[in-house]
> 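Take this structure first; my questions come after.
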Amino acid sequence: MTGHVLTFTGTAVVAVYVLDAEGAELRLTETVRSAGRSYALPASYRLSGRSPVTDAFRDGRPRWLTPSELAAYGPTGPTTPETPTTPGVSLGVLPLGGDGKGLGCLVVVDESPGGIDADRRGFIELYAHHVAAGVEAAGPEALTQPHPDLPGPTLDRLRVGSFVLHLGSGRMTADTQVLDLFGIAGEDFDGRVETLLSVTVPDDVPALMSVLEPDVLTSGTAQLEFRIRRPNGELRWLGLRAQVETGPDGTPRRMLGVVAETSYLRPRADEVSLVQRLSAALAGATTVRDVGRAVVGALRDPLGAGRVAVAEVQAEQLVVAVLAPAEPAAWPEVWRSAWRSEWPEPPSHALPTLAEALREGQVSIWPEGSALEPGLAGIGPGGLAVLPLPADGRIVGVCLIGWERRHEFGPEERSLLTATAGLVGQALVRAHALDAEHELATMLQRSLLPRKLPELPGGVAVTRYLPATMGLEVGGDWYDVIPLADGHVALVIGDVQGHSAAAATIMGQMRTAIRAYAVEGHPPDVVVAHANRLLVGMETDLFATCCYADLDMEEGEAWFVRAGHIQPLLRHPDGTTEELDVEGGPPLGVVADAEFPMTAAGLSSGTVLALVTDGLVESARLDLDDGVRRARQALARADPADPGGVADELLGGHSRRDDDVALLLLRYDGMRVRPTRASWTVWRLPDAVMHARRFTARTLRNWGLADELDVALLVTSELVTNALVHTRGEVRLNLTLTADRLRIAVNDPSPRTPVKPATVDWEATGGRGLLLIEAMSQTWGSVPLSGGKQVWGELSLSSPREEPGSGPPPEEPPEEPTDADDAPRAERARGRRGRRARR
């Protein structure tokens, strides 16, 4: 081994000096001499003195001295028995430890009178990095051994070889030690990089190629650890350091490389298990916060650390993902002062030592008592490790690990932390990209869904939407709750095929179309049929499934239409559940003239209706029947008194989803006080408004609403007058009394929406009707109907009623049957909506 060290460096003497425990001097710990050479080096150098060794250690820069330059230092260099003063030799001194924590120096003595040439300097500089790793691995005891003339554990076990890669031709020359490390016989090496790659573990080939591939090289220094498989099957870790030289024109010319065995630096079996557990946890991390939690869970307890922080590096800020512990009082002041919300974002310039470590890009370790700024010293008073997290050739984050009590950093632990940093960096980049895509998809999806649900008389509706965590593209799931006339409400849920911006666009268009058709007063089968023809006419390759329910909140009668969608689920008041058998049609957008039959169902008070998309009950790991059975079981055990809790119970705790999940849930309670209705057909006669007022007056007196009579008559007059003056055809007056409101509505055949005048000439004879309606009503509006519109105003009751009014209908009979008919409520609603659709 001794002969190999000297052969590799091409020098007469190689020696290692390390800093003593007091930090006062550099002591000689290892020396390797060429056979027949009797050069001696000083046993120590005081840091307060001047010498090539102390100068190189203090400023952290190599010294390459020719014989004359070395002589200028005086008797501080190598000696021989024949020459007690410095002989005519050249000297190279390289500091060990390049992260601001000097370990010592590597000293080489060369007999070349012209000094050490540039090629050998490059090799020795790369070699020094491996020596530094060996010095750290040797531990404190070896570094302070009292016999400097004995070969120490660093140089003795450091097997190093060198190679030159000519980038123009791609040919490589390698010494025998490199070939021996790779397990390749000299006669079998053909000078091709592929020959070395052939014995490299396949998983490590891409990383090795990224260093050795001539087409992608740039000037600078690269380092890498990889595994090779020797002919006897032995697995060996090798470390490579390479430096690219450029020509006069700046293009890479050749690479100087050093390869060393680093198996003795690899972690122990238990540490390998720790890395494997961390890798498994990071594989399932889909957010930056998940990455931080995985790191804390894998490292904090096994390492006995007191504090762990994981943060992204963005511009001049540390965007913290996880702090453990999470209490502000556990962290130094610079962190607490930035604690604006759940996590701080301390500026990196407030922690200059940390910023320097991030620029260096190497794992930095500071033992107890190191001179650090308070913001770092307070994290690890017993020792601090800073792990820059590399990925894609840059530092994307940092992990800080601090200990409360004195902590000894062994070489295995440093190797473990280095391996951890690479894993976490890649996971952080992946999670950040997923976070950004996930946020964009969620924002787009939610912008196309209702921002809030309407308050429903006689029921409570809740919704849930969860985007997919696999793929994270925007999906096409949607839902809607649409209040309709006559105490009806439409419940809609659907799913457009695929996960893409096109699916989201179709989803938004279908939701808008179905809402428009429903508000116009069409029955459920017509609404879905219209939406189907619209999607077919869009000439898109996508289709959609849909389930539409029209529920009479007064009677509990519901009409369902299903277009290729999952069946609705019901939870009855007694806790039993069922999958409602709704006759179905094809998905929307497949057949232009498809028919969509309606299925009737009755809901009693306390029934819970659940409309879901397939992401809730079906996945690659879950069969549809099993998923529906699980959903029914969750629905059965949930408490219907809390609809939101029922929705959460249905969703369950699964964090990984292959598909979007949409859920629309309605608890039907029934109206406490059922609405009372009366209607009147307004004949186009000179005294039509007077007859309408008389009808309203008789009805309100019958209902016991004397206090609201004057205002109601004024609103009736204005609504009827506007309809008679500005439209042609049938005009109908409708009065609806609920528990706390009176609704006055006038239907007319004109589709034109009334427009409130911006200014009013008070000398004019018209134009003030809508202003009076707005002033007198608590709220008013206009909704389109099939073949016309309805303009309405609502008045609050001075004394909300507890029981519906009773008594005979108005004395003057209307032209057609009113709501007092004995026909079933659902059939009347269907017939009324059918007549509107046909007009």
> Test your reading of the model: is there a side-chain donor-acceptor pair from R307 to the backbone of I379, 3.5 Å cut-off?
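A pair under 3.5 Å: yes.
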> Is R300 reaching over with its side chain to a backbone N or O of G306, donor-acceptor style, under 3.5 angstrom?
yes
> Quick one: does W331's side chain have a donor or acceptor within less than 3.5 Å of a partner on G375's backbone?
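Answer holds: no.
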> Could you please spell out the steps behind the side-chain contact (heavy atoms from CB on, under 4.5 Å) verdict for R120 and V108?
CA-CA 11 Å; R120 285 198 295 146; V108 294; over 6 Å; no
> Are L91 and R63 close enough that some pair of their side-chain heavy atoms sits under 4.5 Å apart?
no
> Under a 4.5 Å cut-off applied to non-hydrogen side-chain atoms, are V396 and V313 in contact?
no
> Nearest 0.5 Å, what's the CG-CG distance between D290 and L428?
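Going from CG on D290 over to CG on L428, the span is 11.5 Å.
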> Could you walk me through whether V193 and L197 satisfy the side-chain contact (heavy atoms from CB on, under 4.5 Å) test, starting with their C-alpha distance in whole Å, then the side-chain angles of each, then the deciding distance to 0.1 Å, before giving a yes or no?
CA-CA 6 Å; V193 173; L197 295 177; 4.1 Å; yes
> With side chains defined as the heavy atoms from C-beta onward, is the minimum distance between W403 and L303 less than 4.5 Å?
yes
> Once rounded to the nearest 0.5 Å, what's the spacing between atom CD of E404 and atom CD of E368?
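Nearest 0.5 Å value for the CD-CD distance: 11.0 Å.
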> Step by step, would you call R227 with R236 a side-chain contact (heavy atoms from CB on, under 4.5 Å)?
CA-CA 6 Å; R227 295 164 296 174; R236 174 176 291 177; over 6 Å; no
> Can you measure from CE (M255) to NE2 (H166) and round to the nearest 0.5 angstrom?
12.0 Å
> So which atom in G257 and which in F123 form the shortest heavy-atom distance, rounded to 0.1 Å?
O-CE2, 3.5 Å
> Supply the atom-to-atom distance L372 CG to L351 CG, rounded to the nearest 0.5 angstrom.
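Answer for the CG-CG pair, L372 versus L351, is 10.5 Å.
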> Check the pair V386, T353 against side-chain contact (heavy atoms from CB on, under 4.5 Å), reporting the backbone distance first and the verdict last.
CA-CA 10 Å; V386 175; T353 306; over 6 Å; no
> Which atom pair, heavy atoms only, marks the closest approach of A294 to L278?
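In this case the closest contact between A294 and L278 is O-CD1, 3.7 Å.
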> Kindly say whether D190 contributes a backbone atom to a donor-acceptor pair with the side chain of T195 at under 3.5 angstrom?
no
> Would the distance check show the side chain of R121 and the main-chain N or O of I116 forming a donor-acceptor pair, the cut-off being under 3.5 Å?
yes
> Hey, does the side chain of T200 reach the backbone of V205 with a donor-acceptor pair shorter than 3.5 angstrom?
no
> Under 4.5 Å between any side-chain heavy atoms of L167 and R253, yes or no?
no
> Are I124 and W64 close enough that some pair of their side-chain heavy atoms sits under 4.5 Å apart?
yes
> Could you tell me whether a side-chain N or O of D175 sits under 3.5 Å from a main-chain N or O of S162, the two making a donor and an acceptor?
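Looks like yes, one N/O pair under 3.5 Å.
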> Check for a donor-acceptor pair, side chain of R430 on one end and backbone N or O of L282 on the other, with a separation under 3.5 Å.
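Side chain of R430 to backbone of L282: a pair is present.
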> Could you tell me which non-hydrogen atom of A128 sits nearest to which non-hydrogen atom of L94, and how far apart they are?
CB-CD2, 4.0 Å
> With rounding to the nearest 0.5 angstrom, report the CD1 to CG distance, I395 to L389.
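With rounding to 0.5 Å, CD1 (I395) is 7.5 Å from CG (L389).
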> Which heavy atom of V14 sits nearest a heavy atom of L106, and at what distance?
CG1-CD1, 3.7 Å
> With a 4.5 Å cut-off on side-chain heavy atoms, are L376 and L400 touching?
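Side-chain contact under 4.5 Å: yes.
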> Do C399 and V295 make a side-chain contact, defined as non-hydrogen atoms from C-beta onward lying under 4.5 Å apart?
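Yes, at least one pair of side-chain atoms sits under 4.5 Å.
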> Kindly indicate whether the side chain of T11, heavy atoms from C-beta on, has any atom under 4.5 Å from the side chain of V109.
no
> To the nearest 0.5 Å, how far apart are CZ in F57 and OH in Y17?
13.5 Å
> Taking all atoms of both residues into account, what is the closest heavy-atom pair of V178 and G161, and its distance?
CG2-C, 3.2 Å
> Minimum heavy-atom separation for F163 to M172, with atom names?
CD1-CE, 3.8 Å
> For a side chain to side chain contact (heavy atoms under 4.5 Å, CB included) with L196, tell me which candidate from L238, V259, I184, L181 qualifies.
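When L238, V259, I184, L181 are each tested with L196, the side chain to side chain contact (heavy atoms under 4.5 Å, CB included) holds only for I184.
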